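Proteins come first, then strands; the chains are lettered A, B, ... in the order of their sequence lines, and each starts at number 1. These numbers were taken from a predicted model, which means no experiment stands behind them.
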Amino acid sequence: MEWFRLSEKPSISSSTYCAVLQLCGELKSLQDGKEVHSVISCNDVQINGILGTRLVFMYVSCGELSQGRLVFDQVVNEKVFLWNLMINEYAKVEDFAECVYLFQKMLNAGIAADSYTFSCILKCFAASGSVKNGEWLHGYLLKLDLAACSCSVVNSLLSFYAKVGRVESARKLFDELPQRDVVSWNSMISGYVANGGSEEGLEVFKLMVSSGVEIDLASASRVFEKTSERSVVSWTSMIQAYSRSGLLHDAIRLFHEMTMVSGKWEPDGRTISCILPACASLSALNMGRQIHCHVLRNGHHLSDDRHITNALVDMYIKCGALVLARSLFDTMIPSKDLVSWTVMIAGYGMHGFGKEAIRAFEEMRRDGIKPDGVSFISVLYACSHSGLVNEGWRFFNIMQKECKIEPSLEHYACMVDLLSRSGKLQMAYEFIKGMPIKPDATIWGALLCGCRIHHDVKLAERVAEHVFELEPENARYYVLLANIYAEAEKWEEVKELRVKIGRRGLKKHPGCSWIEVKGKVHVFVAKDGSHPEVRKIEALLRKVREGMKKEGFSPKLRYALMNGDDLEKEMALCGHSEKLAMGFGILNLPPGKTVRVMKNLRVCRDCHEMAKFMSKTTGREIILRDSNFFHHFKDGSCSCRGFW
DNA sequence: ATAGGGTTAG
């Protein structure tokens, strides 16, 4: 840039400055950019629209947002582009208040916002949880005619509703979209999955891959041939229609045409990583495998995507296929990132392999990856689920002293869990009392769980007071205390609590288990005799019970939670949904095949004993996944070794 | 020239 300092300056036109500034921006060369800026100022060149834009662009590209803003405020801005650029830069640094301020200022200045503006500002509203603002903008767009808005604006609105938890509103927009693109699909799918609607998410995914099957072939192909704007839906449904009618050649011809003409309509990497958590949360191993196959079929551009492989590893872990998960994880050389390790560590923890989780954590650090708050949660939970108290403390200290990470509520919850499970109830109580931040219901809830495991009714009552004060509407905790009373045979107190729950109109979730056999999911609800094979299952369970008694196992009657005679209690235990599902699996799966059962709540101790026994007598592995933990039963013992 | 959709934790 020395030539700028020549005493005899060549005359430089405004467009030259523009070109140089553009270059400085692209090369992120702040030094040169600043020099050009000062030359412009010295020569009294008027900073008009385009020059101003380039100058702002140069500064923000070099990461000098506030400098860019200074220039932005100096120039007269009539062009929407520069406003969008500026708003977007503030969105990148999550200064949403400034985004909204600029947006309003822009509207007041009479500048018409365009689709870029709307998309960006809706993202801000979603990220800052400004539901009211988003709704206002929705109304504004309706007045402008939403149907005429570009697909991306409607997608942004859809995604806004999904992110603030209003999935039905998102779905309505989705259904009314005249033209969906891959982003619309992905937003809808991730919206469902993030809001606890894994089933719906999977439904939309399936719809995406193959929709509109029920159509008349002849008229469909007429319509199809005439349509100039084809979407993924029209292509896929047409292909599907041909193949259903046995016209395979036509289907294949169309598929070739589709992938040649508009290959972009395939579910892409983001679709895949949206849908895998749904499979994970449902333990839908077969569906997950199919999606893995899709990834492999689509070649390396998907398999090389870390997001996808991480999501796949997580899916296999949550479907109970730990070995598969690990081998996939091992193929990620050398591209394992923090998330990959965190997933694997959490996976070991969930499956009761605390030592392996610790080993993975150390290995990660040796690989030079710095753990963050989430990875510490994973390793702390792994310690607590395996009863590794000292190691847990060690990591809690490392986190604060070495890694300078302030423990959050989740970390404290892990520590309380760790102490409570291992029976150090008093210590856990003191620990909570000494916390520098206000404990929430989950913290006290963890201690309450510990009180149940170690049968401390007195402490449980004191702890429950805190919990009820913090979350008076959460039925889970009343049920937990009722269980503690019942296990101590304090039936009066159980009754009182039942009345309390009833008075508050709280509903407890019924226990429910499910198992996949020959591609069909069979659901069992506690005490529900509606499954056609329930008689056969009960007969099997009775036989198992007899066998257990002969070998000296007595039923864990204290977990039957009702005040009655022993026979009645035993009957109640037999109705537990996880027993029914396991029994069904043993009766219907081929010999030697692993029985995989999922349950929505925690597994009961009696069912746990029975599963151990059955794994020995039937000679098969049983994998039982409850609301937050895996039990691998093999040869009469369980991987959890009693810690859960 | 600028935008909208992704993986981990209770």
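A:L338 comes within contact range of no nucleotide atom at all, as no heavy-atom separation falls under 4.0 Å. A:C120 comes within 4.0 angstrom of no nucleic acid atom, judged by non-hydrogen atoms across all strands. When heavy atoms are screened at a 4.0 angstrom cut-off, A:C151 is found touching base atoms of the nucleic acid. Residue A:K92 is out of contact with every strand shown, counting any heavy-atom pair closer than 4.0 Å. At a threshold of 4.0 angstrom between heavy atoms, the contacts of A:S152 include nucleobase atoms, whether or not backbone atoms are also involved. Within 4.0 Å of A:K163, counting heavy atoms only, lie sugar-phosphate atoms of the nucleic acid but no base atom. If you check every strand for non-hydrogen atoms under 4.0 Å, A:S115 touches a base. A:V339 comes within contact range of at least one nucleobase, with a heavy-atom separation under 4.0 Å. Here A:F57 lies out of heavy-atom contact (under 4.0 Å) with every strand. Using a 4.0 Å heavy-atom criterion, one finds that A:G269 contacts the bases of the nucleic acid, with or without backbone contacts as well. No engagement by A:T117 is indicated, since no non-hydrogen atom pair under 4.0 Å with the nucleic acid exists.
With B:dA9, B:dT2, B:dT7 as the candidates, the nucleotide lying closest to the side chain of A:N88 is B:dT2. Listed nucleotides B:dT8, B:dG6, B:dA1 differ in distance to A:T342; the shortest reach to its side chain belongs to B:dT8. The A:T53 side chain lies nearest to B:dA1 when the options are B:dA9, B:dA3, B:dA1. The side chain of A:I308 lies closest to B:dG6 when the candidates are B:dT8, B:dG6, B:dA3. Comparing B:dG6, B:dA1, B:dA9 by their nearest atom to the side chain of A:V374 picks out B:dA9. Side-chain atoms of A:F81 lie closest to B:dA1 of the nucleotides B:dG6, B:dA1, B:dA9. Candidate nucleotides B:dT2, B:dG6, B:dA9 were compared by shortest atom distance to the side chain of A:L85, and B:dT2 ranks first. Distances were taken from every side-chain heavy atom of A:S378 (C-beta onward) to each of B:dA9, B:dG6, B:dG10; the shortest belongs to B:dA9.
At least one side-chain heavy atom of A:L173 sits under 4.5 Å from a side-chain heavy atom of A:H138.
Ring geometry, A:H351 versus A:F353: the interplanar angle falls under 30°, so the pair is classed parallel (tilted spans 30 to 60°). Ring geometry, A:F468 versus A:Y478: the interplanar angle falls under 30°, so the pair is classed parallel (tilted spans 30 to 60°).
The ring of A:F361 has its center no closer than 6.0 angstrom to the ring center of A:W341.
The number of heavy-atom neighbours closer than 6.0 Å to CD of A:E406, taken from other residues, nucleotides and ligands shown, is 12 or below.
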